[in-house]
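Data first, discussion second: the structure below is written as structure tokens.
Every chain is numbered from 1 and lettered A, B, ... according to where its sequence line falls, protein lines coming before strand lines. Quantities reported herein were computed from a predicted structural model and do not represent experimental measurements.
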Amino acid sequence: MSANAHAADLDALLAGLNEPQREAVVHGDGPLLILAGAGSGKTRVLTHRIAYLVGTGQARPDEILAITFTNKAAQEMRERVELLVGRRTRAMWVMTFHAACARILRADAHRLGYTRQFTIYDQADARRLVKRAIDELDVDPKRFTPGAIHHEISDAKNKLRDAEAYAQMVGSFFEQTVADVYKLYEAELHRMNAMDFDDLLVRTVNVLELFPEVRRRYAEAFRHVLVDEYQDTNHVQYRLLQLLTGGGADGRLADYGHRNLVVVGDDSQSIYGFRGADIRNILDFEDSYPDATVVKLEQNYRSTQTVLDAANAVIRNNRGQREKELWTDLGVGDPIKVRELDDEHAEARYVAGEIERLVDEGVSRSEIAVFYRTNAQSRVLEDTLVRAQIGYQVIGGTKFYERAEIKDAIAYLTMLVNPQDVVSFTRIANSPRRGIGQTSLSRVISWANTAGITIWDAALDPDSVPGLGTAARKAFHRFMGAMRILGERAAANPPVGELLREVLAESGYLEALEAERTIEAQGRIENLEELVNVAAEYDLSAENSDEGPSLAGFLQQIALVADADGRRDDEGLVTLMTLHNAKGLEYPIVFMIGLEEGVFPHQRAIEEGGLEEERRLAYVGITRAQRDLYLTYARARAVFGARSYAARSRFVDEVPMGLTDRSEQPAHGVGSVRARATTWGSPSPNLSPLGSGPIPGGGWDASGGSAGGGTELRLGDDVFHAAFGDGVVTGVEAGGIVVIRFSRDGSERKLVADLAPIEKR
DNA sequence: CAGATCATCGTTTTT
DNA sequence: CGATGATCTG
């Protein structure tokens, strides 16, 4: 390629970028934080920067490590980089945190006592193992659920606290219990040559910290590290990035350190705190990297100004956010439609009716998305859409790889490479039913433990297992006979697709399903066929990779993939999903439903001080809308079978009236914040047969505004309370009620403005 | 050991 | 209300 062509390429890379985008792309060495608002073109910036680094010769392709959180994002980034630099992309590491760690560990985990065939346990496997530890320790499972304990362990791991460190700082009975379980759980995992998702990160950090030569190798290999969705990183990931960019075990910069770390994120879209993400990583980036360059991307290329104003207004109610104001030159757009409905059925009918109207106007169903807070909310909506014959797809829910039959098949394959994997063994021993019950299984497992042999070897020789009945012994002989044949086959390294076929046949799994003769079983068989296809595809694609196809490689790959059935864009289907699943997506028309206190924000978030994260979730939802945004809520809703009533979500009220089709409040502080018939703007008479009929009847609303006089508190006001101290107004509700969050303990309280001992500061 | 009935308990979940 | 798990009985 000539020098001219190069220059032309570089020009093309920068063309069409706005000023801050360009600054981020051409940034030289050293840490860079890109604060990228929703829809501000961050992927464009990342991909163009990678291309620019390669194009200018600042980096070779194999010196680039680009990290994302999802496989989908990684794939998209890889594709887009490939469009810019072509085949050279292949040498780059463009993958998820977990995939990158798994790759490092396959090469170096032996230093920690694992084989390269280690098993990766997903959440469910991990929880099962936690449960076994709980049973083992005779912990009362009533008081402490496996889920809660696992969550706590996961939390500790995310903070790089190992079992020992955790035990050092227990302060309650619960924590003592967790400490005990944690210790046993870790021992078991290691003994089984297995890692959970958290381990992939933690063990990588361990390897890098313990072995300077490994640390140096990777830090020298990756001269440029780029991270997407940085606001969702946790502490392990923070540490990992430090080590990969040349931080030493002591935290100081090594001589080979380069600190070429580019992170992209938006603190306003941090919605995974409940999973250990630490928003401080992005908020305090400059504390960790004082010489960091910071670039803000605030121009939005996705939404109307009305939508952006709404998002800006809502997020402004959070404290401690990075200052940021989204803007666009796409125009003002239409007002946000706010609708109050009688109950969730009326809400669903309204959404369905509106969709029909839009489709009549020429909108494609695939341009429409409906977001809700919890999965349970999709049910009513689905019923209604089915009746209205509106095609839809639900994103999320049970994932392909979480289906029982798929996990069973994978467990069979896993046993063939990791004979120590008791969790997988437990899963398949009696699936299909072959007369191996809980008791016999436990006997074999504990025999393996006492004899110090693998579970595979213990089962292979059931006659040596003490206390095992004749029938059980026979069952194990038959089962392991099949496994042995499969093991020999696997040793010959056949195509994974073929091996899987044999597993399904030899194990009797397929036969058992066929014998069921139910529609459900038929569906499972089809899923298994799909898995065989996935394996065959792997065989093909791994053919020309550096390692070549292998069973272990296949297992590792699919362990890190969430679902095989991704969403389809061009099918003319309305898309339904939780707000969490909506991040990173965009739709011309967006419905956010169930905007009620207790639903969204979720009750538990209200109780446990998680309001800011809920608000960020609202921000994410709003900023998905390109053109039209609907906010709906129901006066009543069935919760756990019982009918319950809730106030409209504070998030609705945080959207300025003027941006919505509600009319202005009659007078400041007088009358109701709550809607009444007259407050609904633009009458929409064009409701379809499925519509809810004329929108809300008035009259039910009895609340009055703050009863005149008194202190006028507004959102964001700093206040002082005689008993609770300093706080900030985070909500203003009907009836003169204000929501105040107190800085002393972070608690959020609802107070009557006129009665509570509050003064404005 | 397996199916069946009973009881419990309800977020979100990139990997 | 409905899904999921624990305990009971054949």
Side-chain angles (χ1 to χ4, degrees), chain A residues 67-75 95-102 120-128 131 135 141-142 145-147 150-151 154 157-158 195-201 228-229 231-234 236-237 269-277 344 371-377 379-380 395-399 401-402 429-430 432-441 469 471-472 475 556-563 577-585 594 598-608 610 613-614 616-618 620-621 637-644:
Chain A
I67 307 184
T68 62
F69 274 85
T70 69
N71 293 297
K72 188 171 158 256
Q75 200 184 324
M95 55 185 84
T96 64
F97 269 106
H98 295 263
C101 287
I120 299 170
Y121 284 167
D122 69 10
Q123 222 75 18
D125 296 329
R127 193 160 306 166
R128 214 164 288 137
K131 192 180 174 306
D135 291 344
K142 289 263 161 52
T145 66
H150 179 236
H151 187 270
S154 173
K157 287 190 179 186
N158 286 160
M195 300 194 200
D196 61 19
F197 281 142
D198 302 317
D199 279 341
L200 290 174
L201 306 168
D228 194 12
E229 305 280 15
Q231 76 282 353
D232 290 331
T233 51
N234 58 32
V236 200
Q237 287 158 337
Q269 294 187 64
S270 165
I271 54 174
Y272 285 104
F274 69 95
R275 275 188 49 165
E344 72 271 30
F371 303 150
Y372 35 80
R373 179 62 177 81
T374 65
N375 285 120
Q377 289 172 262
R379 267 191 86 109
V380 174
I395 306 301
T398 320
K399 312 230 166 66
Y401 288 109
E402 285 169 12
N430 202 34
R433 315 244 114 101
R434 47 172 76 91
I436 298 177
Q438 194 53 59
T439 348
S440 316
L441 193 56
Q556 204 151 96
Q557 180 174 309
I558 61 173
L560 300 175
V561 171
D563 51 351
M577 67 180 98
T578 61
L579 284 153
H580 280 90
N581 275 315
K583 197 171 71 162
L585 305 176
V599 177
F600 184 39
H602 193 275
Q603 189 58 39
R604 236 167 112 168
I606 297 174
E607 284 161 9
E608 292 169 17
E613 185 152 309
E614 295 285 294
R616 293 193 289 267
L617 198 51
V620 166
R637 169 178 305 271
V639 182
F640 306 144
R643 201 171 173 74
S644 79

If we ignore hydrogens and angles and just use 3.5 Å, is the side chain of [X] paired with the main-chain N or O of [Y] as donor and acceptor?
X         : Y         : value
Asn430(A) : Gly437(A) : no
His580(A) : Tyr272(A) : no
Glu614(A) : Ile606(A) : no
Gln377(A) : Thr374(A) : yes
Arg434(A) : Ala429(A) : yes

Starting at [atom1] of [X] and ending at [atom2] of [N], how long is that distance when rounded to a whole Å?
X         : N       : atom1 : atom2 : value
Phe371(A) : dT12(B) : CZ    : P     : 17 Å
Glu613(A) : dT12(B) : CD    : C1'   : 9 Å
Leu617(A) : dT12(B) : CG    : C1'   : 7 Å
Gln231(A) : dT14(B) : CD    : C1'   : 11 Å
Lys583(A) : dT12(B) : NZ    : P     : 17 Å
Lys399(A) : dT12(B) : NZ    : C1'   : 11 Å
Asp196(A) : dT13(B) : CG    : C1'   : 15 Å
Glu607(A) : dG10(B) : CD    : P     : 12 Å

Quick one: label [X] by what it contacts on the DNA or RNA (base, sugar-phosphate, nothing), any heavy atom closer than 4.0 Å.
X         : answer
Glu614(A) : base
Asp198(A) : nothing
Arg373(A) : base
Thr68(A)  : nothing
Asp122(A) : nothing

| message | Can you list everything that forms a salt bridge (charged side-chain N to carboxylate O under 4.0 Å, His left out) with Arg616(A)? Sequence neighbours excluded, please. | response | Glu613(A)
| said: Determine whether Asp198(A) and Val236(A) satisfy the following criterion, side-chain contact (heavy atoms from CB on, under 4.5 Å), listing intermediate values before the conclusion. | reply: CA-CA 9 Å; Asp198(A) 302 317; Val236(A) 200; over 6 Å; no
| task | Can you check each nucleotide of nucleotides 1-8 of chain C against protein heavy atoms at under 4.0 Å and return B for base, S for sugar-phosphate only, - for none, in 5' to 3' order? | result | BSS--S--
| task | Looking only at side-chain atoms of Arg433(A), point me to the closest of dT15(B), dT14(B), dA2(B). | result | dA2(B)
| Given dT14(B), dA2(B), dT15(B), the nucleotide with the shortest approach to the side chain of Tyr272(A) | dT14(B)
| note | Residues at least two apart in sequence or cross-chain that pass ring pair (Phe, Tyr, Trp, His ring centres under 6.0 Å) with Phe371(A), listed by chain then number, are none
| field | Stacked pair His602(A)-dT11(B), distance under 5.5 Å, angle under 30° | value | yes
| query | With centres under 5.5 Å and planes under 30° as the test, does Phe274(A) stack with dT13(B)? | reply | no
[X] vs [N]: side-chain N/O to OP1/OP2 distance below 4.0 Å:
X         : N       : value
Thr439(A) : dC1(B)  : yes
Asn430(A) : dC1(B)  : no
Thr578(A) : dT13(B) : yes
Asn375(A) : dT12(B) : yes
Asn234(A) : dT15(B) : no

| task | Tell me which of His98(A) and Ser440(A) sits closer to the 5' end of DNA chain B, going by the nucleotide each one is nearest to. | result | Ser440(A)
| Syn/anti state for dT12(B) [syn: chi within 90° of 0] | anti
| task | Please report the closest heavy-atom contact between Leu201(A) and Phe97(A), naming both atoms and the distance. | result | CD2-CB, 4.0 Å
| query | Rounding to the closest angstrom, what is the interatomic distance between dT14(B) and dA3(C) at atom C1'? | reply | 25 Å
| Say you pick atom P in dT13(B) and the same atom in dT4(C); how far apart are they, in whole Å? | 15 Å
